[in-house]
Asker: 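Structure provided below as structure tokens; questions to follow.
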2 protein chains.
Amino acid sequence: MARLPVYLRALQALQDRGTLTVSSEDLASAAGVNSAKLRKDLSHLGSYGTRGVGYEVEYLVYQISRELGLTQDWAVAIAGIGNLGRALANYGGFGTRGFRIAALLDADPAMVGQSVASLDVRHIDNLEEVVRSERVSIGVITTPAASAQGVATRFVEAGVASILNFAPVVLNVPDGVDVRKVDLSIELQILAFHAQRRAGGDGRGAERAGLELT
Amino acid sequence: MARLPVYLRALQALQDRGTLTVSSEDLASAAGVNSAKLRKDLSHLGSYGTRGVGYEVEYLVYQISRELGLTQDWAVAIAGIGNLGRALANYGGFGTRGFRIAALLDADPAMVGQSVASLDVRHIDNLEEVVRSERVSIGVITTPAASAQGVATRFVEAGVASILNFAPVVLNVPDGVDVRKVDLSIELQILAFHAQRRAGGDGRGAERAGLELT
DNA sequence: ACGTGTGAACACATTCACAGCT
DNA sequence: AGCTGTGAATGTGTTCACACGT
């Protein structure tokens, strides 16, 4: 379930604050969801709560981490070391541990050999070799749109079955390969859509949401 | 509907290739969805297709752009000019036009005054003034987690009702304010979750998805 | 008394299948 | 003949409300 990571983060915040036990009501509001939904989600992992009391924070953190596969380390390769790729490489806090950036790849010869986030950028031609030697299981694509499909196919053929795609294209991959997409301009467009609805939605655009309040 | 931006992108690709008309079947496969779903989505905007023929690409592009509010320009402010904020500021291709980066804000005095993507970084204390003078209607938060809620509240009070949040926290905002969240480590955790399922899901972690294929 | 776990009701999204227009 | 638009069927996710354990 896609909400487990959110619960985990909320639980870790509680843990840092020294909280030992938490009710579904409190955890739900910290995670921004309905309490019944949270209980149903947690009951899917087995029943780790105590009626009349709540959930033991530490135990639940461990159970969710295990369910998410964070008790092992996942090697990640980033293909495309432009602005975004560099930002990801330098973004130290990949949440709680569980992920290790194992390789940076780029097609530009001028980029190859440079050191980014204390890793040497390697040429994309080495993709297959790097996936094998570093046991990469997650591929992150931050290339231009035109190169994304090619890189994805190479990742898949090299044995990577999990891909995080930042390029603005729909990737074609075989069944069994898991692709998640993050698209900044789509997020902005969705915000604009709702903003326009608020403002009247007639396409005139005279009164924007932000202006109504001033 | 959150799929309109995807359709729009697919249509623009067709347009660039000189295609004049497209069937729901073809457009659906380009966008990676079921054709019935696509037809139902499009029928929500009114009936812009011709039975026996398909949809006229140019007309549909215009209709979707209008529905999404892309016929007007939205001013965007980015708060937090770290690696990610810089990457976003420099990411020229904010899809098709419709968005203009109007201001960059940061709390670090050493950052203020620097030029990023040919914009001067301004101090976060100027947030309210900048929102007013630039008519900002979308706020992007790329600050550290600890500062995100404060920045969000200031955006909202300044009249910004659309927020794109990259900080790993759940933001608390009043009703009527639209928050979308992009969280890199959550995306990775979801991938890890599915990868573990594929690999057996027993938490041993001996055989990873990537290794099964080698 | 308190709060979890869950059946039942509900709301929503997806898919099927086909009538009807061009 | 071909393809859209859409009722009907199906599936999935959410919320309610309360029985039951502690």
Side-chain angles (χ1 to χ4, degrees), chain A residues 1-8 10-11 14 19-64 67-68 170 175 178-181 186 190 193-194 197, chain B residues 1-8 10-11 14 19-64 67-68 170 175 178-181 186 190 193-194 197:
Chain A
M1 201 58 86
R3 283 183 299 268
L4 288 180
V6 182
Y7 302 159
L8 181 57
L11 282 165
L14 288 170
T19 313
L20 294 178
T21 187
V22 66
S23 73
S24 64
E25 195 69 49
D26 292 351
L27 181 54
S29 89
V33 300
N34 179 298
S35 69
K37 178 151 57 180
L38 180 130
R39 288 200 299 279
K40 191 146 275 185
D41 287 346
L42 293 187
S43 74
H44 270 268
L45 331 178
S47 292
Y48 299 132
T50 312
R51 298 177 187 215
V53 179
Y55 299 89
E56 196 199 329
V57 173
E58 191 183 6
Y59 187 52
L60 199 48
V61 164
Y62 171 70
Q63 290 300 342
I64 294 180
E67 183 75 11
L68 286 174
V170 176
D175 281 0
D178 194 13
V179 175
R180 294 193 65 86
K181 191 180 169 186
I186 284 185
I190 294 171
F193 172 75
H194 290 129
R197 293 240 134 175
Chain B
M1 201 60 83
R3 283 182 299 268
L4 288 180
V6 181
Y7 302 158
L8 181 57
L11 282 165
L14 289 169
T19 313
L20 293 179
T21 188
V22 67
S23 72
S24 64
E25 194 69 49
D26 292 350
L27 181 53
S29 90
V33 301
N34 177 298
S35 70
K37 178 151 57 180
L38 180 130
R39 288 200 299 279
K40 191 145 277 183
D41 286 347
L42 294 186
S43 75
H44 271 267
L45 331 177
S47 291
Y48 299 130
T50 313
R51 297 175 186 219
V53 179
Y55 300 89
E56 196 199 327
V57 174
E58 191 182 8
Y59 187 51
L60 200 48
V61 164
Y62 171 71
Q63 290 300 340
I64 294 180
E67 183 75 9
L68 287 174
V170 176
D175 280 1
D178 194 12
V179 175
R180 294 193 65 85
K181 191 180 168 188
I186 283 185
I190 294 171
F193 172 74
H194 290 130
R197 293 239 135 175

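Heavy atoms only: backbone and side chains are in, while hydrogens, waters and symmetry mates are out. Chain letters run A, B, ... following the sequence lines, proteins first and then strands; every chain starts at 1.
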Asker: Taking OP1 and OP2 of D/dG13, is either one under 4.0 Å from a side-chain nitrogen or oxygen of A/Asn34?
Answerer: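 A/Asn34 to D/dG13 OP1/OP2: no side-chain N or O under 4.0 Å.
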Asker: Report the residues that fulfil side chain to side chain contact (heavy atoms under 4.5 Å, CB included) with B/Val170, sequence neighbours left out, ordered by chain and then residue number.
Answerer: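 In terms of side chain to side chain contact (heavy atoms under 4.5 Å, CB included), with neighbours along the sequence ignored, B/Val170 is linked to A/Val6.
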Asker: Which pairs of donor and acceptor atoms, one on a side chain in residues 42-59 of chain B, lie under 3.5 Å apart (sequence neighbours left out)?
Answerer:
{"unit_1": "B/Ser43", "atom_1": "OG", "unit_2": "B/Lys40", "atom_2": "O", "d": "2.8"}
{"unit_1": "B/Tyr48", "atom_1": "OH", "unit_2": "B/Leu45", "atom_2": "O", "d": "3.0"}
{"unit_1": "B/Tyr48", "atom_1": "OH", "unit_2": "B/Gln63", "atom_2": "OE1", "d": "3.1"}
{"unit_1": "B/Tyr59", "atom_1": "OH", "unit_2": "B/Gln63", "atom_2": "NE2", "d": "3.1"}

Asker: Kindly determine whether A/Asp26 and A/Thr19 satisfy side chain to side chain contact (heavy atoms under 4.5 Å, CB included), including the steps that lead there.
Answerer: CA-CA 12 Å; A/Asp26 292 351; A/Thr19 313; over 6 Å; no
Asker: Kindly state each residue pair satisfying ring pair (Phe, Tyr, Trp, His ring centres under 6.0 Å) with at least one member in residues 19-41 of chain A, sequence neighbours excluded.
Answerer: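 Not a single pair qualifies under ring pair (Phe, Tyr, Trp, His ring centres under 6.0 Å).
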Asker: Test of understanding: with side chain to side chain contact (heavy atoms under 4.5 Å, CB included), list the residues that count as partners of A/Ala30, not counting sequence neighbours.
Answerer: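 Applying side chain to side chain contact (heavy atoms under 4.5 Å, CB included) to A/Ala30 gives A/Ala10.
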Asker: For nucleotides 10-12 of chain D, list the nitrogen or oxygen atoms of the protein found under 3.5 Å from its nitrogen or oxygen atoms, one pair per line.
Answerer:
none

Asker: I need the CE-C1' distance between A/Met1 and D/dT14, as an integer number of Å.
Answerer: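 Rounded to whole Å, this separation is 10 Å.
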Asker: Heavy atoms under 4.0 Å is the rule here; annotate nucleotides 4-12 of chain C 5' to 3' with B where the base is hit, S where only the sugar-phosphate is, and - elsewhere.
Answerer: BBBBB----
Asker: With sequence neighbours excluded, what pairs up with A/Lys37 under the salt bridge (charged side-chain N to carboxylate O under 4.0 Å, His left out) test?
Answerer: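 For A/Lys37 there are no salt bridge (charged side-chain N to carboxylate O under 4.0 Å, His left out) partners, ignoring immediate neighbours.
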Asker: Under the salt bridge (charged side-chain N to carboxylate O under 4.0 Å, His left out) rule, collect the residues that match up with A/Asp41, sequence neighbours excluded.
Answerer: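 Here the qualifying residues are A/Arg3.
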Asker: Which residues satisfy the side chain to side chain contact (heavy atoms under 4.5 Å, CB included) test with A/Ala36, sequence neighbours excluded?
Answerer: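 With neighbours one apart ignored, the set is A/Asn34, A/Arg39.
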Asker: Please state how far atom CG in B/Leu38 lies from atom P in D/dC3, giving the value in whole angstrom units.
Answerer: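 From B/Leu38 CG to D/dC3 P: 14 Å.
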